[in-house]
Amino acid sequence: MQIYNTLERAVVPFVPNDPERVTVYLCGPTVQSEPHLGHGRSAVAFDVLWRYLEWIGYSVVFVRNVTDVDDKIILRANESGQTTAEVASAAFDAFTRGYDKLGNWRPTLEPRATENIDEMIAMIEKLIDRGVAYESDGDVYFSVRSFEGYGKLSRHDLDDLRTGDRVEPGAQKHDALDFALWKAAKPGEPQWESPWGAGRPGWHIECSAMAVRYLGDGFDIHGGGTDLIFPHHENEIAQSEAASGTTFARYWMHNGMLNLLGEKMSKSTGHFITLLESLEEWDPMAVRLFYLRTHYRKPLDFSRSALDDAESSLGRLRAFRRRTSPALGPKAEVGVLEEFRAHMDNDLDVAGALSVIFEAVRAANAKLDAGEDADDLVAAVNETLAVLGLDIDDRTVDDVDISDLAADLGVPASSVDGLVAARNTARDDRDFELADAIRDGLAALHITIEDTADGTRWHRD
RNA sequence: GGCGACGUGGCCGAGUGGCUAGGCAAGGGUCUGCAAAACCCUGUACGCGGGUUCGAAUCCCGCCGUCGCCUCCA
């Protein structure tokens, strides 16, 4: 398999440290408020990476952190009169609900920053011992210029960074480029005891400490959004490698941003569409498909029509499922699997992989129309869709109240099935007026009827 | 100002030198009482200008345009 390594700015062969086991660390959210659609994209992109790695035979340890202490959470807590823990917990639940609905696997581990303070303090102490960090008025800063490789991920030259106008100089810093490892406590803020007095950790140190704690130095893949490349990931590398003297992460993968009206969705500017609302408005699997149709590294534009389009496209797959068996697996058509794999091996060309699936669907439909056996193709479609995490099985249908409809039509039926049976009786009697009235009535309740050679089916649209 | 992406048919979007991606929408057809679903057919695109090559959407140069990062951010 080949993946694009941001560190090298190139698609390169992926060779994990351990030939059987892959370690992945993904930067998770700051749990300050509800997730937006962009968070879902990142989670899905790396969920597919995970599923694919498992499919080609690796066992994966997948860690995604939870940032549950930071300025914004504190701000929100103060505004709402809640504790920071309450704010974080509520937001975390919303993230989990969204991620689950999208069909993502839950991470192997989901460590929280506040549960790893000791590890962070230990790493900071090591950095001070090595002379690359310094304490100043209860704060601790990392001395950026002391780390030779600084800028190797983001390709920034230290002297090109516009330190004057955008980076806060900060009186306690020796150099405007230095960043905080530890912040002295302010009244009313969450705080922990440390060798430098009460305080809380800086943002970057948590990922370094947790990644190394759970995966060890030199783990395989570190992921996140492109917006994290600088400064977050650059700083993670600096502090981790300065502390350990060895490689922090071997491959860096970054997903592209989700844009709204041509601009990046961003929580802080209020320029976003929330994930949970979108998952109400559209089939969650359509949202997933919407993400998947664009390569994970490219910017993706949100639009209602794009989601509608994805939903129609998904409808094709759901219709396919209705006429086939979800159970087939072992005898999948090898040609389809190989083509699928060739695309996925190429830095997760999911869009290309989807084209293989859709071609297989068309071929299988043609065979079924001709009365031929299509089990191999169906099995291949089932298997590959599962690798992409696209669940096209019938959604559970809530009880639909059809009593009013039955009464209006004068049909003695108490269920959808009863109405469908009544319609078929009407059709046998060539009473198409009644038959169509039943169908139209059900359509108004979002129930679509399909008459097939094997009888009449219905489903929720 | 620095660094970096990207510009593909009505729309969305693959494509890492030669072999009609795929999806959605549209038109025509087959099937069906009519639908739904499905299948078949139709649409010849690659920002602009140069160059390399037998051959470029794919490589090189220039230009135009859009976006991202340089500040919290998936």
Side-chain angles (χ1 to χ4, degrees), chain A residues 6 9 11 26-30 32 35-46 64 67 70-72 151 154-157 159-163 165-168 203 223-232 234 254-259 262-269 272 289-290 293-295 297-301 303 305-320 322-323 339 343 346-347 349-359 361-370 427 430 432 435-436 439-440 443 448-453 456-459 461:
Chain A
T6 306
R9 303 286 162 119
V11 176
L26 174 63
C27 275
T30 299
Q32 48 162 312
H36 59 62
L37 268 180
H39 295 108
R41 182 184 191 193
S42 183
V44 167
F46 287 94
R64 181 177 61 209
T67 301
D70 97 321
D71 293 349
K72 297 255 172 56
S154 60
R155 305 269 165 125
H156 279 313
D157 187 284
D159 298 317
D160 289 338
L161 292 170
R162 303 214 295 193
T163 53
D165 53 78
R166 294 197 125 170
V167 178
E168 284 285 316
W203 176 35
T226 54
D227 54 347
L228 298 182
I229 294 172
F230 190 90
H232 185 51
E234 195 68 65
H254 293 96
N255 64 276
M257 295 295 99
L258 185 70
N259 294 334
E263 272 178 49
K264 186 182 92 166
M265 280 197 192
S266 172
K267 216 186 275 190
S268 52
T269 57
F272 62 87
L289 183 58
F290 162 71
R293 292 192 310 180
T294 301
H295 186 87
R297 279 193 282 120
K298 279 198 164 188
L300 169 60
D301 272 302
S303 72
S305 61
L307 266 302
D308 291 343
D309 181 307
E311 199 161 65
S312 299
S313 186
L314 180 76
R316 187 171 165 74
L317 299 176
R318 289 202 182 278
F320 182 68
R322 270 179 250 124
R323 75 186 299 201
E339 279 185 58
H343 281 106
N346 178 24
D347 192 31
D349 173 14
V350 176
L354 279 168
S355 77
V356 173
I357 295 175
F358 277 100
E359 281 174 348
V361 166
R362 182 173 42 71
N365 273 327
K367 278 192 163 188
L368 293 170
D369 282 358
R427 291 173 69 212
R430 303 199 67 76
F432 296 123
D436 291 352
R439 185 174 62 202
D440 294 345
T448 302
I449 279 180
E450 295 174 35
D451 296 319
T452 77
T456 299
R457 283 195 298 261
W458 62 269
H459 65 94
D461 60 32

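Values below: all heavy atoms of this structure, side chains included; hydrogens, waters and symmetry mates excluded. Within every chain, numbering begins at 1; the chains are lettered A, B, ... in the order of the sequence lines, protein sequences first and strands thereafter.
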Any heavy-atom pair between the side chains of [Y] and [X] that's under 4.5 Å?
| X | Y | result |
| --- | --- | --- |
| A:V361 | A:L317 | yes |
| A:M265 | A:L37 | yes |
| A:P29 | A:T67 | no |
| A:W458 | A:E450 | no |

Show me the protein contacts with nucleotides 14-19 of chain B, counting only N or O atoms at under 3.5 Å.
residue	atom	partner	partner atom	Å
B:A14	OP1	A:H295	N	2.9
B:A14	OP2	A:K298	NZ	3.3
B:A14	O3'	A:D349	OD1	3.4
B:A14	O2'	A:D349	OD1	3.3
B:A14	O2'	A:D349	OD2	3.3
B:U16	O4	A:N346	OD1	2.6

Query raised in the report: So which heavy atom on A:H295 is nearest to which on A:D349, and how close?
Result: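 Of all heavy-atom pairs spanning A:H295 and A:D349, the closest is ND1-CA, 4.2 Å.
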**Report entry** Any donor-acceptor N/O pair, A:S42 side chain to A:G38 backbone, under 3.5 Å
**Finding:**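 Side chain of A:S42 to backbone of A:G38: no pair is present.
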**Report entry** 5' precedence on RNA chain B between A:S313 and A:I229 (nearest-nucleotide basis)
**Finding:**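 This one resolves to A:S313.
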Query raised in the report: On RNA chain B, nearest-nucleotide positions of A:R155 versus A:L300: which is more 5'?
Result: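 The residue mapped nearer the 5' terminus is A:R155.
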Using the [atom1] atom as the point on both nucleotides, what is the distance between [M] and [N], in whole Å?
| N | M | atom1 | value |
| --- | --- | --- | --- |
| B:C59 | B:A26 | P | 36 Å |
| B:G28 | B:A21 | P | 26 Å |
| B:A14 | B:U20 | C1' | 14 Å |
| B:C41 | B:C46 | P | 24 Å |
| B:C24 | B:G17 | C1' | 31 Å |
| B:G49 | B:A56 | C1' | 15 Å |
| B:C3 | B:U71 | P | 16 Å |
| B:U58 | B:C19 | P | 13 Å |

Query - Rounded distance in Å - CZ (A:R297) to P (B:A5) - result: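 Interatomic distance, CZ of A:R297 to P of B:A5: 10 Å.
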**Report entry** Nearest-Å distance for atom pair CG/P, residues A:L258 and B:C67
**Finding:**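 These atoms are roughly 15 Å apart.
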Query raised in the report: Within the structure, does a side-chain N or O atom of A:N259 lie under 4.0 Å from either OP1 or OP2 of B:C67?
Result: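 So the side chain of A:N259 is outside the cut-off, no N or O lying under 4.0 Å from OP1 or OP2 of B:C67.
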Query raised in the report: Is any side-chain nitrogen or oxygen of A:K367 closer than 4.0 Å to OP1 or OP2 of B:A38?
Result: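 For B:A38, neither OP1 nor OP2 has a side-chain N or O of A:K367 closer than 4.0 Å.
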**Report entry** Pairing residues for A:D451 by the salt bridge (Lys or Arg N to Asp or Glu O under 4.0 Å) criterion, not counting sequence neighbours
**Finding:**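 For A:D451 the salt bridge (Lys or Arg N to Asp or Glu O under 4.0 Å) partners, ignoring immediate neighbours, are A:R423, A:R427.
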Query - Partners passing side chain to side chain donor-acceptor pair (under 3.5 Å) against A:T448 (at least two apart in sequence or in another chain) - result: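 If we apply the side chain to side chain donor-acceptor pair (under 3.5 Å) test to A:T448, skipping adjacent residues, the hits are A:D461.
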Query - Counterpart residues, side chain to side chain donor-acceptor pair (under 3.5 Å), relative to A:R293 (two or more places apart) - result: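 Per chain and number, A:R293 pairs via side chain to side chain donor-acceptor pair (under 3.5 Å) with A:D309.
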Mind checking if [X] touches a base, just sugar-phosphate, or nothing, with heavy atoms under 4.0 Å?
| X | value |
| --- | --- |
| A:G224 | sugar-phosphate |
| A:S305 | nothing |
| A:S266 | base |
| A:L26 | nothing |
| A:G256 | base |
| A:A366 | sugar-phosphate |

Might you list the N or O atoms of the protein lying below 3.5 Å from N or O atoms in nucleotides 41-45 of chain B, with each pair's distance?
none

Query - Qualifying residue, where the test is side chain to side chain donor-acceptor pair (under 3.5 Å) with A:R297 and the options are A:T226, A:D347, A:T6 - result: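 Checked A:T226, A:D347, A:T6 against A:R297; only one passes side chain to side chain donor-acceptor pair (under 3.5 Å): A:D347.
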Requested in this report: Starting at the 5' end of nucleotides 27-37 of chain B, put B wherever the base has a protein heavy atom under 4.0 Å, S where only the sugar-phosphate does, and a dash everywhere else.
Outcome: ------BBBBS
Query raised in the report: Residues in ring pair (Phe, Tyr, Trp, His ring centres under 6.0 Å) with A:H254, at least two apart?
Result: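 Checked A:H254 against ring pair (Phe, Tyr, Trp, His ring centres under 6.0 Å); matches are A:H233.
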**Report entry** Residues which pass ring pair (Phe, Tyr, Trp, His ring centres under 6.0 Å) with A:F272, listed by chain and number, not counting sequence neighbours
**Finding:**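 A:F272 satisfies ring pair (Phe, Tyr, Trp, His ring centres under 6.0 Å) with A:H36 once adjacent residues are dropped.
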Using side-chain contact (heavy atoms from CB on, under 4.5 Å) as the criterion, list what pairs up with [X], not counting sequence neighbours.
| X | result |
| --- | --- |
| A:P231 | A:H204, A:N235 |
| A:L368 | A:R323, A:T324, A:A374 |
| A:R316 | A:F358, A:R362 |

Query raised in the report: Pairing of RNA chain B as dot-bracket, 5' to 3': ( ) intra-strand, [ ] crossing, | other strand, . unpaired, with Watson-Crick or G-U pairs under 3.5 Å?
Result: ((((((((.[[[..)..(...]]].(((((.......)))))....[[[[[..)....]]]]])))))))....
**Report entry** Presence of donor-acceptor pair under 3.5 Å, side chain of A:D309 and base of B:G23
**Finding:**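 Pair found.
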Query raised in the report: What nucleotide, of B:G68, B:C39, B:U71, holds the atom closest to the side chain of A:R362?
Result: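 The nucleotide sitting nearest to the side chain is B:C39.
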